[in-house]
Protein chains: 2
Amino acid sequence: MSSTAGTAPAIKVLPAPPGLPEPLPEPTVEELRLETVLGALSDPLRLTIVRKLLLESEQFDHSCGWFGFDRPKSSLTHHFKALREAGVTRQRQYGLERRSHVRVDDLNACFPGLLDLVAAWAPEA
Amino acid sequence: MSSTAGTAPAIKVLPAPPGLPEPLPEPTVEELRLETVLGALSDPLRLTIVRKLLLESEQFDHSCGWFGFDRPKSSLTHHFKALREAGVTRQRQYGLERRSHVRVDDLNACFPGLLDLVAAWAPEA
DNA sequence: CCTGCAGTACGACTTTAGTCGAACTTAGCA
DNA sequence: TGCTAAGTTCGACTAAAGTCGTACTGCAGG
């Protein structure tokens with residue numbers, strides 16, 4: 001996998017089509033680590049976020065407020081950042097809003113079946 | 001919080017054949033929680049344990065020392081206990097030794113595909 | 001320009017998890 | 001009977017995560 005030259009050049013930004021904001025910094029596909037992704041998904045709130053993104057219209061990115069959590073904004077920022085830095089989600093800045101979506105293709109390529117488990121997850125009774 | 005109504009009243013112990021020690025306390029299948037299992041697997045050492053159990057002769061249970069980690073015994077106890085309490089492994093006492101194996105059937109039933117990811121995992125370069 | 005709003009950054013605090021030494025428990029064995 | 005080895009339990013310490021208030025940035029609309 002790490003066939004790329006010595007120090008990974010860390011291509012952070014994708015060739016975004018014109019008009020589409022560039023993603024915030026995130027790990028590349030090669031940098032995705034199972035233990036990190038599992039750690040990011042071992043939290044009920046983050047599991048809820050990812051599951052909701054998967055089940056309800058993955059076609060669009062969704063802003064932080066779309067989820068309707070009644071937590072302080074700084075807490076939400078923390079969790080969205082954790083998901084992005086683990087490589088689970090991608091975030092783009094649209095004007096005022098920062099919208100997220102799940103990196104479905106990357107995750108299915110690296111960890112096939114994992115997202116199915118998340119989609120099938122049910123929050124504790 | 002038990003479960004499906006009526007049947008299956010939390011079978012903690014298996015119908016162990018005579019001569020086979022009973023498993024140490026562990027969550028039932030209904031009690032398995034995705035976030036807990038993922039949390040247990042988000043540690044490299046524990047991932048190593050489970051992967052090694054999966055790849056090298058799952059037919060037999062393996063004692064703590066079989067893995068050959070050069071960590072203090074109290075640390076190992078900690079991690080084996082974490083895996084067992086999350087429902088990932090089952091432990092039985094054989095004389096002096098406490099042997100572990102992965103609860104393959106239970107995990108495949110609850111979280112299909114998860115163990116494949118663990119088996120395919122490679123410790124960080 | 002000013003104001004309001006989405007969200008971040010920082011920092012303090014609390015909680016949880018990992019690490020490991022030391023003392024203890026128990027089975028097998030001479 | 002007493003030794004040894006596998007593993008536990010306890011407790012202290014440390015490191016990492018989660019929580020959230022406050023201050024800040026930066027776009028939009030009047």
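Chain naming here is simple, since letters A, B, ... match the order of the sequence lines and numbering starts at 1 in each.
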Indicate yes or no: at least one non-hydrogen side-chain atom of Pro25(A) is less than 4.5 angstrom from one of Glu85(A).
-> no

For Arg99(A) and dT8(C), give me the distance from atom CZ to atom C1', rounded to whole Å.
-> 17 Å

Would you tell me if any nitrogen or oxygen in the side chain of His78(A) comes within less than 4.0 Å of OP1 or OP2 on dA9(C)?
-> no

Whole-Å distance, Lys81(B) NZ to dT16(C) C1', equals 15 Å

Taking every heavy atom of Leu32(A) against every heavy atom of Arg103(A), the minimum-distance pair comes out as CD2-NH1, 4.4 Å

dA6(D) phosphate, OP1 or OP2: any side-chain N/O from Arg98(B) under 4.0 angstrom?
-> no

Lys73(A), nearest nucleotide to its side chain (from dG7(D), dG21(C), dG7(C)) = dG7(C)

Closest listed nucleotide, where the reference is the side chain of Gln91(A) and the choices are dT8(C), dG21(C), dT19(D) = dT8(C)

Distance below 4.0 Å between His79(A) side-chain N/O and dA17(D) OP1 or OP2 | no

Are the side chain of Arg46(A) and the backbone of Ala40(A) linked by a donor-acceptor contact shorter than 3.5 Å?
-> yes

When you get a sec, tell me which of dA6(D), dT19(D), dC10(D) is the closest nucleotide to the side chain of Ser74(B)?
-> dC10(D)

Given atom CG of Asp43(A) and atom P of dT15(C), what is their separation to the nearest angstrom?
-> 17 Å

Measure the distance from CG on Leu96(B) to P on dT8(D) and round it to the nearest whole Å.
-> 11 Å

Given dG7(C), dA6(D), dT9(D), which nucleotide is nearest the side-chain atoms of Glu97(B)?
-> dA6(D)

Whole-Å distance separating the CZ atom of Phe80(B) from the P atom of dT8(D) = 9 Å

Atom-to-atom span, OH of Tyr94(B) to C1' of dT8(D) - whole angstrom = 19 Å

Expressed in angstrom and rounded to an integer, what is the separation of Glu85(B) atom CD from dG18(C) atom P?
-> 12 Å

To the nearest Å, how far apart are Phe69(B) CZ and dG18(C) P?
-> 14 Å

Base, sugar-phosphate, or nothing: which does Arg46(B) touch, judged by heavy atoms less than 4.0 Å apart?
-> sugar-phosphate

Contact summary for Val29(A) and Cys110(A), nearest pair of heavy atoms | CG1-SG, 3.6 Å

Pairwise side-chain contact, Phe67(B) with Leu76(B), heavy-atom cut-off 4.5 Å (strictly under) | no

Distance check: side-chain N/O of Thr77(A) vs OP1/OP2 of dT8(C), anything under 4.0 Å?
-> yes

